[in-house]
Amino acid sequence: MATGSRVIRPRTSIWLSERKAPKRKAEQQPAGLDHVKIVAATVRLLDAEGLAGFSMRRLAAELEVTAMSVYWYVETKDQLLELALDAAMGEMSLPAGILGPVEGYEHLDVEGYEHLETGARDWRDQLRQIASEYRRLLVAHPWLSPLMGEYMNIGPNAMVFATAVQRVVRDSGLPASQVPGALALVFQFVYGFSTIEGRFAARSRAAGMSQDELFAETMAAIEGRPEFDESRALTEARGGDTVQEMRERDFTFALDCAIAGIEALRDGRDGND
């Protein structure tokens, strides 16, 4: 696609290109440095400083090496962010009962993953577990949400996650043509809910306040403003003594609504029975 005189090329994925070996001989590389340590340090820095504060120089300082040493292992910052994205995706606890070999990643010992749980359960419980884990992940790592819009997110851990959610929703009994829509309903909801939740938490930290304090301050600011009457009434009706309690109620009920909708469509009901 061309914009003026500039040609913008689609961003490729590190998972679709051959991983290159370090550019220097082993004896020229910093002792103890490898892909695993570099990616782990990247995740730590992103958690602490966010995307805006992350740089290859800052990462090198964290690792106590030169910036060029990092480039021996990854060619670009984009590649490193994509690796960090997939590393974080591996933190979720998924229901192992639905997972066998993932096509294209048969070399992975899926059943040996620590983040997989054993025991077959009802698809509704499995879907609630996966959705809750996805929410927890996005809130714990606020930088994930924007990266998921920038990169293809097709690394090994991401594909294990994708396979798990697809198999769970298929187990609901929906026809294959409706599974993508059901997946979008549940996981786009979780993505949006969790992104806002994570941003509010970050804003609270930046203000040096707890989330409850920031919420109380906001509610006090709109007191007596008639344009907020309906929103204030709904907030009072939802219940919960803390922001976290309110969020838990909202998330649980919204997810229950989504599951009920999937069941209604599967059974051919229009929701008015």
Side-chain angles (χ1 to χ4, degrees), residues 1 8-20 35-36 38-47 50-52 54 56 59 73-96 98-110 113-116 126-127 129-170 179-199 202 258:
M1 179 175 65
I8 302 176
R9 294 181 175 83
R11 177 175 281 147
T12 58
S13 170
I14 191 173
W15 305 110
L16 297 179
S17 58
E18 183 178 353
R19 186 80 64 86
K20 295 184 178 180
H35 272 106
V36 173
I38 291 172
V39 173
T42 299
V43 171
R44 289 197 306 272
L45 277 179
L46 288 168
D47 285 344
L51 281 168
F54 180 80
M56 298 298 269
L59 174 63
Y73 294 88
V74 290
E75 294 187 352
T76 66
K77 179 180 175 181
D78 283 332
Q79 287 187 353
L80 185 53
L81 291 175
E82 198 172 2
L83 290 169
L85 168 58
D86 194 65
M89 291 293 293
E91 296 178 9
M92 288 181 283
S93 295
L94 305 176
I98 61 168
L99 287 171
V102 179
E103 186 175 355
Y105 297 100
E106 292 86 352
H107 60 289
L108 295 175
D109 182 16
V110 173
Y113 277 14
E114 293 182 357
H115 62 280
L116 300 178
Q126 292 177 331
L127 187 58
Q129 177 191 342
I130 297 175
S132 296
E133 283 293 304
Y134 191 42
R135 173 193 174 194
R136 180 191 60 76
L137 182 78
L138 292 173
V139 172
H141 306 298
W143 48 272
L144 283 177
S145 295
L147 287 190
M148 287 178 178
E150 291 289 330
Y151 301 101
M152 296 180 70
N153 199 20
I154 55 172
N157 288 317
M159 294 313 299
V160 169
F161 172 76
T163 299
V165 299
Q166 290 163 15
R167 290 179 181 176
V168 165
V169 176
R170 283 204 307 266
V179 168
L183 289 168
L185 167 66
V186 174
F187 289 96
Q188 291 302 319
F189 149 66
V190 178
Y191 177 90
F193 187 99
S194 307
T195 297
I196 293 172
E197 182 177 359
R199 291 306 307 152

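No hydrogens, no waters, no symmetry mates; every other heavy atom, side chains included, goes into these values. Not measured: the values here are computed from a predicted model.
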Hey, are the side chains of [X] and [Y] touching, using non-hydrogen atoms and a 4.5 Å cut-off?
{"X": "F187", "Y": "I130", "answer": "yes"}
{"X": "K77", "Y": "F54", "answer": "yes"}
{"X": "H141", "Y": "V43", "answer": "yes"}
{"X": "V160", "Y": "M92", "answer": "no"}
{"X": "E91", "Y": "N157", "answer": "no"}
{"X": "E150", "Y": "L81", "answer": "no"}

Any idea which heavy atoms bring [X] and [Y] closest together, and the distance?
{"X": "L94", "Y": "A164", "value": "CD1-CB, 4.3 Å"}
{"X": "T195", "Y": "S145", "value": "OG1-OG, 2.8 Å"}
{"X": "G198", "Y": "V139", "value": "N-CG2, 4.3 Å"}
{"X": "A162", "Y": "V165", "value": "O-CG2, 3.1 Å"}
{"X": "L51", "Y": "P146", "value": "CD1-CG, 3.5 Å"}
{"X": "V169", "Y": "A182", "value": "CG1-CB, 3.8 Å"}

task: Starting at CD of Q79, measure out to NE2 of H35 and round the result to the nearest 0.5 Å.
output: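 Spacing of CD (Q79) from NE2 (H35) equals 8.0 Å.
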- prompt: Going from CE on M89 to CD1 on I154, what distance comes out if it is rounded to the nearest 0.5 angstrom?
  reply: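 If we round to the nearest 0.5 Å, M89:CE and I154:CD1 are 12.5 Å apart.
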- request: Could you give me the CA-CA distance, side-chain angles and deciding distance for W15 and D86, then say whether side chain to side chain contact (heavy atoms under 4.5 Å, CB included) is met?
  value: CA-CA 10 Å; W15 305 110; D86 194 65; 3.8 Å; yes
- request: Output all residues satisfying side chain to side chain contact (heavy atoms under 4.5 Å, CB included) with I196, sequence neighbours left out; order by chain, then residue number.
  value: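 So I196 forms no side chain to side chain contact (heavy atoms under 4.5 Å, CB included) with any residue.
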task: Examine distances only and state if a side-chain atom of E82 and a backbone atom of I14 form a donor-acceptor pair shorter than 3.5 Å.
output: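 Yes; at least one donor-acceptor contact below 3.5 Å.
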message: Between Y134 and Y191 (side chain of the first, backbone of the second, donor and acceptor by atom type, cut-off under 3.5 Å), is there such a pair?
response: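 Looks like no, no N/O pair under 3.5 Å.
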Salt bridge (Lys or Arg N to Asp or Glu O under 4.0 Å) involving R44 - partner list, sequence neighbours excluded: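 For R44 the salt bridge (Lys or Arg N to Asp or Glu O under 4.0 Å) partners, ignoring immediate neighbours, are E62.
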- request: May I ask you to check whether over 12 heavy atoms, not counting those of R136, lie within 6.0 Å of atom CZ?
  value: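 Yes, CZ of R136 has more than 12 neighbouring heavy atoms, counting only those of other groups under 6.0 Å.
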Audit row: L80, Y73, side chain to side chain contact (heavy atoms under 4.5 Å, CB included) steps and yes/no: CA-CA 9 Å; L80 185 53; Y73 294 88; over 6 Å; no
field: Worked check of side chain to side chain contact (heavy atoms under 4.5 Å, CB included) between E197 and L138
entry: CA-CA 9 Å; E197 182 177 359; L138 292 173; over 6 Å; no
Candidate pair L83 and T42, rule side chain to side chain contact (heavy atoms under 4.5 Å, CB included), full reasoning: CA-CA 9 Å; L83 290 169; T42 299; over 6 Å; no
